[in-house]
J.: 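Sharing a structure, written as structure tokens. Questions coming.
On a predicted model such as this, the values are computed, not experimentally measured, just so you know. Just the heavy atoms: all of them, side chains too, but no hydrogens, waters or symmetry mates, feed the values below.
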Amino acid sequence: MSQSPNLGGSFTPTSTNIALNRMGYGAIQLTGPMAFGPPRDRQAAVAVVREAVRLGMNHIDTSDYYGPHIANEIIREAIHPYPKGLVIVTKDGARRGPDKSWPAALSREDLTSAVHDNLRNLGLDTLEIVNLRVGGQFGPNENSIEEPLTVLADLQKQGLIRHIGLSNISWGQLVGGQAIAKIVCVQNHYNLAHRQGDPLIDALATQGIAYVPYFPLGGFRPLQSSLLDAAAASLGATTRQVALAWLLQRSPNILIIAGTSSIEHLHDNLKATSLKLSPDTVARLDKIAALVAPD
């Protein structure tokens with residue numbers, strides 16, 4: 001695996017010996033629209049994964065319910081056998097309906113099957129990190145996660161999972177989860193315009209736990225703001241680059257998994273790691289969340 005000059009530095013989550021480059025790659029766009037069905041150009045998708053690894057991105061975020069199965073199959077086709085130092089992070093807790101819906105799948109049977117699906121389609125004997133996805137469509141809830149997390153902890157004891165993370169959670173769920181398993185990362189919705197996670201990010205940083213924003217660029221509703229446009233214009237950068245650079249400067253435990261199906265966008269995203277935002281620019285960008293209506 002090659003190494004680019006700057007991947008935003010690295011972060012090693014607590015209880016691990018994994019040095020994750022802070023600019024990683026999210027595999028959700030390797031599939032068709034809305035993470036369902038095959039991509040328009042499979043070979044282009046394969047090429048993007050290979051280029052991400054060539055650039056030194058050693059953190060790929062995926063799930064077997066992207067497609068379903070398709071993202072993992074493309075990753076395996078592109079780079080298996082996997083280079084030393086590459087960490088593939090998967091996610092369980094949902095499945096895909098034929099109508100492209102995302103129903104929860106948190107029973108013992110569902111979670112065990114999902115782990116085996118990820119193992120099979122990625123061609124692995126052990127999953128390095130598995131995130132338990134809980135909560136609702138519009139964010140975390142306060143339901144107990146004891147039962148599903150216990151299932152993953154059992155699979156960890158069997159050697160099928162090395163480390164466990166949580167996704168779409170509240171602070172209370174994190175605290176409860178830490179009584180069951182060591183948590184190495186949290187993956188929640190967070191970006192310039194969606195900042196409910198600020199207190200959680202700061203708390204996790206003190207514990208050495210990685211925070212991995214999903215929808216770092218707005219997801220299915222791309223970030224749009226005149227303040228962001230102005231910052232990008234003043235820096236001679238794109239709005240995507242500025243939004244990613246802001247995340248990298250927000251806290252050292254934040255890891256980026258921006259997804260793309262384009263090699264050009266992949267290279268553009270990487271430029272965010274060398275983009276330095278002045279305190280004045282950060283202060284202006286920090287105003288964006290207050291101007292956005294709550295989700």
J.: Please check this pair: side chain of Arg22 against backbone of Ile254, looking for a donor-acceptor N/O pair closer than 3.5 Å.
T.: yes

J.: Indicate yes or no: at least one non-hydrogen side-chain atom of Leu119 is less than 4.5 angstrom from one of Val115.
T.: yes

J.: Would you name the heavy atoms of Asp117 and His69 that are closest together and state the gap between them?
T.: OD2-CE1, 4.3 Å

J.: Test the Arg96-Tyr66 pair against the cation-pi criterion, namely NZ or CZ under 6.0 angstrom from the six-membered ring centroid and within 45° of the ring axis.
T.: no

J.: Passes side-chain contact (heavy atoms from CB on, under 4.5 Å), Ile201 versus Arg195? Steps please.
T.: CA-CA 10 Å; Ile201 291 170; Arg195 297 190 56 181; over 6 Å; no

J.: Does atom CG of Asp125 have more than 12 heavy-atom neighbours from other groups under 6.0 Å away?
T.: no

J.: Would you call Arg120 and Asp64 a salt bridge, taking side-chain N to carboxylate O under 4.0 Å as the test?
T.: no

J.: A side-chain contact here means heavy atoms from C-beta on lying under 4.5 Å apart; do Pro39 and Ile70 qualify?
T.: yes

J.: Inspect the surroundings of CD in Glu142 and state if more than 12 heavy atoms from other residues, nucleotides or ligands are less than 6.0 Å away.
T.: yes

J.: So, Arg76 and Glu73, do they make that salt bridge, N to O below 4.0 Å?
T.: no

J.: Looking at Ala78, is its backbone amide N or carbonyl O close enough to the side chain of Arg50 to form a donor-acceptor pair, meaning the two atoms are under 3.5 Å apart?
T.: yes

J.: Can any side-chain N or O of Ser167 pair as donor or acceptor with the backbone N or O of Gln187 at less than 3.5 Å?
T.: yes

J.: Flag yes if more than 12 heavy atoms outside Gln224 fall under 6.0 Å of its CD atom; otherwise flag no.
T.: no

J.: Donor-acceptor pair, Ser101 side chain versus Pro103 backbone, under 3.5 Å?
T.: no

J.: Does the Gln29 side chain pair with the main chain of Gly259, one donor and one acceptor, at a distance under 3.5 Å?
T.: yes

J.: Quick check: are there more than 12 heavy atoms from other residues, nucleotides or ligands sitting under 6.0 Å from CD of Glu146?
T.: no

J.: For Gln173 and Ser170, indicate whether the former's side chain and the latter's backbone hold a donor-acceptor pair under 3.5 Å.
T.: yes

J.: Any side-chain to backbone donor/acceptor pair from Asn188 onto Asn168? Under 3.5 Å, distance only.
T.: yes

J.: Are Arg95 and Trp102 in a cation-pi contact, defined as NZ or CZ under 6.0 Å from the six-membered ring centre and within 45° of the axis?
T.: no

J.: First locate atom CD of Gln178, then atom CG of Leu149, and finally report the distance between them rounded to the nearest 0.5 Å.
T.: 10.0 Å

J.: If we ignore hydrogens and angles and just use 3.5 Å, is the side chain of His80 paired with the main-chain N or O of Gly123 as donor and acceptor?
T.: yes

J.: Angle between ring planes, His189 versus Phe215, binned at 30° and 60°: parallel, tilted or perpendicular?
T.: perpendicular

J.: Are any of the side-chain heavy atoms of Asp92 and Asn118 separated by less than 4.5 Å?
T.: yes

J.: Pick out which of Thr281, Asp286, Asn191 makes a side chain to side chain donor-acceptor pair (under 3.5 Å) with Trp246.
T.: Asp286

